[in-house]
Amino acid sequence: MSENQTTPVSELENHVDQQVTLTGWLYNSRAGGKVLFLVLRDGTGLCQCIVEKGKVPDETFEALKHLGQESSLAVTGQVRADQRSVGGCELAVTAAEVICPTADYPITPKAHGVDFLLKHRHLHFRSQRQWSIGRIRHTVIDAIRRFFNDNGFTLIDTPIFTTIVGEDQTSLFEVDYFGTPLHLTQTGQLYLESAAMSFGKVYCFGPTFRAEKSKTRRHLTEFWMVEPEVAFIDLPGLLELAENFVSSIVARVLKDNRTDLETLGADIAALEKIQPPFYRLTYTEAVDILTGPKANDFLAKQLQDFQNTKKELDTKIADLETQQGGQMKQWKKDKIAAELIELRSQLSEIDTKIENNPKHAQLAADFRWGKDLGGSDETIISLMHDKPVFVTHYPKQAKAFYMKTDRANEKVVENFDLLAPEGFGEIIGGSVREDDYDVLLDKINAEGLDPETYDWYLDLRRYGSVPHGGFGLGVERTVAWITAEKHIRQCIPFPRMADKVYI
RNA sequence: UCCCCGAUAGCUCAAUUGGUAGAGCGAGCGGCUGUUAACCGCUAGGUUGUAGGUUCGAGUCCUACUCGGGGAGCCA
């Protein structure tokens with residue numbers, strides 16, 4: 001069974017009316033008395049294989065008829081173009097070989113809960129949704145490398161065992177490095193700054209670790225981040241780089257993964273709008289929006305929408321419950337019961353939203369200049385826009401020590417966050433770095449950090465310091481946004497969450 | 001760490017508000033030549049998360065714990 005004797009499902013359209021052999025796994029089967037419909041999954045796509053009694057040996061027919069989901073097999077037959085089939089092609093089977101028959105595969109083609117699927121992650125990969133997300137993740141990562149490699153950036157691999165704190169001291173994973181405490185990297189940025197002084201434009205790309213005990217849909221303790229760093233750049237330059245970068249990723253996914261996006265139910269029309277320029281707001285403008293009538297009206301309208309949806313759901317549920325009491329065929333009753341389950345789960349989701357809306361309104365209204373923007377605040381801002389939004393110039397005290405103080409307004413730093421639209425929130429954080437030796441040293445001391453540890457970092461300001469800056473983009477958050485996946489744990493093969501690691 | 005919600009068959013969920021635990025899917029057997037999460041018939045499948053309490057009687061009410069989901073803080 002060498003590779004050149006088998007044909008990938010993705011290439012069947014080039015083999016119509018030819019005889020081919022497919023290898024893969026049984027995704028689904030529907031058995032008739034004298035005809036079987038086997039849906040084969042081979043990693044490149046799905047193909048419906050038709051097995052007619054009499055066209056294959058009887059024992060093959062019987063074996064295939066009782067074959068369990070996810071059995072591995074090889075099938076040979078003639079390719080036919082048929083619009084009734086998934087993918088537009090099907091296989092008229094003349095011979096088949098079962099490689100490994102399977103019984104009791106745990107993941108059925110029906111609905112499953114989140115916890116169950118995570119516990120079966122090693123098998124859940126095989127499901128359509130995870131497969132499509134995985135392919136899009138692949139494209140996103142390739143597009144990231146492509147963009148930087150094509151734009152004069154040099155890849156610099158920064159260490160995973162580190163001695164320096166880039167973000168927050170409380171969120172470090174400590175490791176015992178031959179008796180010396182080190183920690184896993186939170187960012188490659190500080191190392192990258194030294195590389196930028198050698199290569200000009202650099203980037204690093206790898207896993208990042210944050211020991212934040214966050215239990216939300218946008219947090220992982222291990223995630224992938226790409227960080228470009230550029231010498232001789234200012235804040236407007238960075239924003240331009242970031243919007244071109246993000247737009248190029250989205251464009252690549254639209255080009256390479258349209259059917260995956262369709263499978264996932266992503267909003268393709270919205271993605272097509274993702275082109276420069278993005279919206280630009282200062283932090284102060286964002287605070288004015290949050291505490292002013294605009295956010296208030298927006299949230300009030302949102303609450304009204306939620307309540308209208310709730311009313312509609314309540315009416316539908318009441319209707320179905322009344323119908324359920326009446327006389328009717330069993331299958332009709334079952335259908336109503338299934339519909340009720342779906343509607344009730346929608347209702348519970350909308351109830352949560354209705355419950356959270358006033359809390360978020362309160363948080364937004366109580367917001368005072370000086371705090372960092374909260375998750376809900378970012379969600380509100382991002383929901384109010386149909387394209388990504390840059391929020392720039394945050395208060396100095398809310399941000400990391402290395403960010404450059406704005407010389408025009410010393411209360412703020414020259415930084416930015418990029419919020420993905422329609423509620424997805426932050427996907428990029430970045431800044432111009434403080435390039436003045438004395439200002440940086442003061443910041444290090446003010447933060448209570450040990451200047452000796454940062455001696456090499458200060459050297460970069462001693463020897464030919466230049467204005468420079470960069471940003472970090474979270475891969476899983478980007479994939480979640482593009483695929484319209486609610487939770488980023490679905491956007492990494494083996495998610496590590498606070499307090500939970502399955503395999 | 002805090003707030004809200006949940007735990008019933010392998011899976012997803014019901015159980016008329018305290019009165020004999022049910023259905024679909026999945027599994028097994030049978031039927032059907034064009035199915036699309038196929039359909040139809042039959043069969044098997046349960047100490048209702050754990051421990052205690054209230055009650056003639058608890059899946060349902062109370063307390064504690066465990067596990068899970070959502071949200072806050074923090075962040076990519």
Side-chain angles (χ1 to χ4, degrees), chain A residues 27-39 46 48 50-55 66 68-69 82 84-86 90 103-120 128 167-168 170-171 186-187 208 210-227 321 324-325 330-331 333-338 340-342 344-345 348-349 351-353 355-357 359-360 362-363 371-379 398-400 417-420 424-430 471-478 480-481 486-488 498-500:
Chain A
Y27 189 70
N28 192 9
S29 81
R30 291 175 289 274
K34 287 173 185 165
V35 62
L36 311 177
F37 301 93
L38 307 179
V39 179
L46 297 177
Q48 175 163 279
I50 317 300
V51 188
E52 286 181 61
K53 200 160 188 165
K55 302 257 172 92
H66 295 279
Q69 193 190 343
D82 194 321
R84 290 175 295 186
S85 242
V86 273
E90 59 180 28
D104 303 323
Y105 184 70
I107 302 177
T108 66
K110 297 284 173 174
H112 296 283
V114 178
D115 192 47
F116 178 82
L117 290 173
L118 278 173
K119 282 177 176 151
H120 294 85
Q128 278 295 281
E167 297 290 328
D168 173 22
T170 61
S171 66
Q186 288 178 313
T187 165
T208 293
R210 306 252 169 112
E212 291 156 2
K213 291 238 166 106
S214 310
K215 266 181 58 177
T216 80
R217 60 180 58 175
R218 37 184 201 251
H219 284 87
L220 295 170
T221 55
E222 176 182 317
F223 62 96
W224 282 65
M225 180 160 74
V226 59
E227 298 174 85
E321 278 172 345
Q324 215 176 18
Q330 187 59 42
W331 68 267
K333 270 193 180 179
D334 295 343
K335 200 172 168 188
I336 287 173
L340 273 172
I341 286 168
E342 173 58 30
R344 280 179 190 144
S345 105
S348 130
E349 225 171 277
D351 277 339
T352 308
K353 285 181 180 167
E355 195 189 319
N356 284 333
N357 176 287
K359 291 184 198 164
H360 292 169
Q362 195 65 44
L363 282 168
K371 283 197 305 181
D372 205 348
L373 291 178
S376 61
D377 305 315
E378 288 180 348
T379 306
K399 288 291 167 184
D417 281 353
L418 178 65
L419 311 182
F424 279 87
E426 184 174 355
I427 57 170
I428 286 182
F471 58 83
L473 171 122
V475 169
E476 291 77 15
R477 285 187 181 180
T478 304
W481 160 51
K486 281 197 204 102
H487 205 302
I488 67 170
D499 306 326
K500 199 174 359 159

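Order of the sequence lines fixes the chain letters, A, B, ..., with proteins taken first and strands second; residue numbering starts at 1 for each chain. Both backbone and side-chain heavy atoms feed into the values below; hydrogens, waters and symmetry mates do not.
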Between [options], which nucleotide gets closest to the side-chain atoms of [X]?
X	options	result
A/E90	B/G34, B/A14, B/G73	B/G34
A/M225	B/U35, B/A76, B/C75	B/A76
A/E426	B/A76, B/G34, B/C29	B/A76

Which of parallel (below 30°), tilted (30 to 60°) and perpendicular (above 60°) describes A/H112 and A/F116?
parallel

Rounded to whole Å, please give me the gap between [atom1] in [X] and [atom2] in [N].
X	N	atom1	atom2	value
A/N356	B/A72	CG	C1'	9 Å
A/D115	B/G70	CG	P	10 Å
A/F116	B/G26	CZ	C1'	10 Å
A/K359	B/C4	NZ	C1'	6 Å
A/K215	B/C75	NZ	P	20 Å
A/Y27	B/U36	OH	P	16 Å
A/R217	B/G69	CZ	P	12 Å
A/D372	B/A76	CG	C1'	13 Å

The criterion is salt bridge (Lys or Arg N to Asp or Glu O under 4.0 Å); which residues satisfy it with A/K353, sequence neighbours excluded?
none

Enclosure of A/K55 NZ (heavy-atom neighbours >12, cutoff 6.0 Å):
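Incorrect, the count does not exceed 12.
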
Taking atom [atom1] in both [N] and [M], compute the distance separating them and give it to the nearest angstrom.
N	M	atom1	value
B/G24	B/C56	C1'	36 Å
B/G28	B/G45	C1'	11 Å
B/C4	B/A44	P	45 Å
B/U54	B/U63	C1'	11 Å
B/G19	B/G26	C1'	32 Å
B/U60	B/A21	C1'	12 Å
B/A64	B/G6	P	15 Å

Side-chain contact, heavy-atom cut-off 4.5 Å: [X] with [Y]?
X	Y	answer
A/N357	A/H360	no
A/T187	A/T208	no
A/L46	A/Q128	yes
A/K371	A/D377	no

Between atom CG of A/L473 and atom OG1 of A/T478, what is the distance when rounded to the nearest 0.5 Å?
3.5 Å

Is the backbone N or O of A/R218 less than 3.5 Å from a side-chain atom of A/R477, with the two atoms forming a donor-acceptor pair by type?
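Judged by distance alone, yes, a pair lies under 3.5 Å.
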
Would you say the base of B/A38 stacks on A/F37 (centre-to-centre below 5.5 Å, plane angle below 30°)?
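Ring-base stacking flag not set for A/F37 and B/A38.
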
A/E355 vs A/K34, nearer the 5' end of RNA chain B by closest nucleotide
A/E355

For RNA chain B, what are the stems built from at least three Watson-Crick or G-U pairs in a row, each pair having both distances below 3.5 Å?
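Detected stem regions: B:1-7 with B:66-72, B:10-13 with B:22-25, B:27-31 with B:39-43, B:49-53 with B:61-65.
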
Looking at the angle O4'-C1'-N9-C4 for a purine or O4'-C1'-N1-C2 for a pyrimidine, is B/U43 syn or anti, with syn meaning within 90° of 0?
anti

OP1 or OP2 of [N] under 4.0 Å from side-chain N/O of [X]:
X	N	result
A/H120	B/G10	no
A/H112	B/C25	no
A/R30	B/U35	no
A/R210	B/C74	no

